[in-house]
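This report refers to the structure that appears directly beneath it.
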Amino acid sequence: MEYQRDLITTALTDHTAMDQLQHRHAELDAQRARQATSAATSTPPADPTTPAATA
């Protein structure tokens, strides 16, 4: 718990640390958005039991 408290205190008092945390948060948000977009637009693999896939 002490580590978390020190981390939060540093983030709130050190402007460079806060900038780095915000930058990393934005990177993670962008990554999640890309993953959600690619998952929504990707086509599932062909079902091997259908006649078109076995032809």
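Basis for what follows: all heavy atoms, side chains included, without hydrogens, waters or symmetry-related copies.
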Checklist entry - Stepwise, does the side chain to side chain contact (heavy atoms under 4.5 Å, CB included) test hold for Arg32 with Leu28? => result CA-CA 6 Å; Arg32 285 188 207 105; Leu28 292 173; 3.9 Å; yes
Checklist entry - Which heavy-atom pair separates Ala11 from Ala17 by the least distance, and what is that distance? => result CA-CB, 4.4 Å
Checklist entry - Considering only heavy atoms from C-beta outward, does the side chain of Gln35 approach that of Gln31 to under 4.5 Å? => result yes
Item to check | Nearest-0.5 Å distance that lies between atom CD in Gln20 and atom CE in Met18 | outcome: 11.5 Å
Checklist outcome for this item: Distance col, row Arg24:CZ vs Asp29:CG, nearest 0.5 angstrom, shows 10.5 Å
Checklist outcome for this item: OG1 of Thr9 to CD of Glu2, rounded to nearest 0.5 Å, is 9.0 Å
Item to check | For Asp14 against Thr16, the heavy-atom pair lying closest together | outcome: OD1-N, 3.0 Å
Checklist entry - To the nearest 0.5 Å, what is the distance between CZ (Arg34) and OG1 (Thr37)? => result 9.5 Å
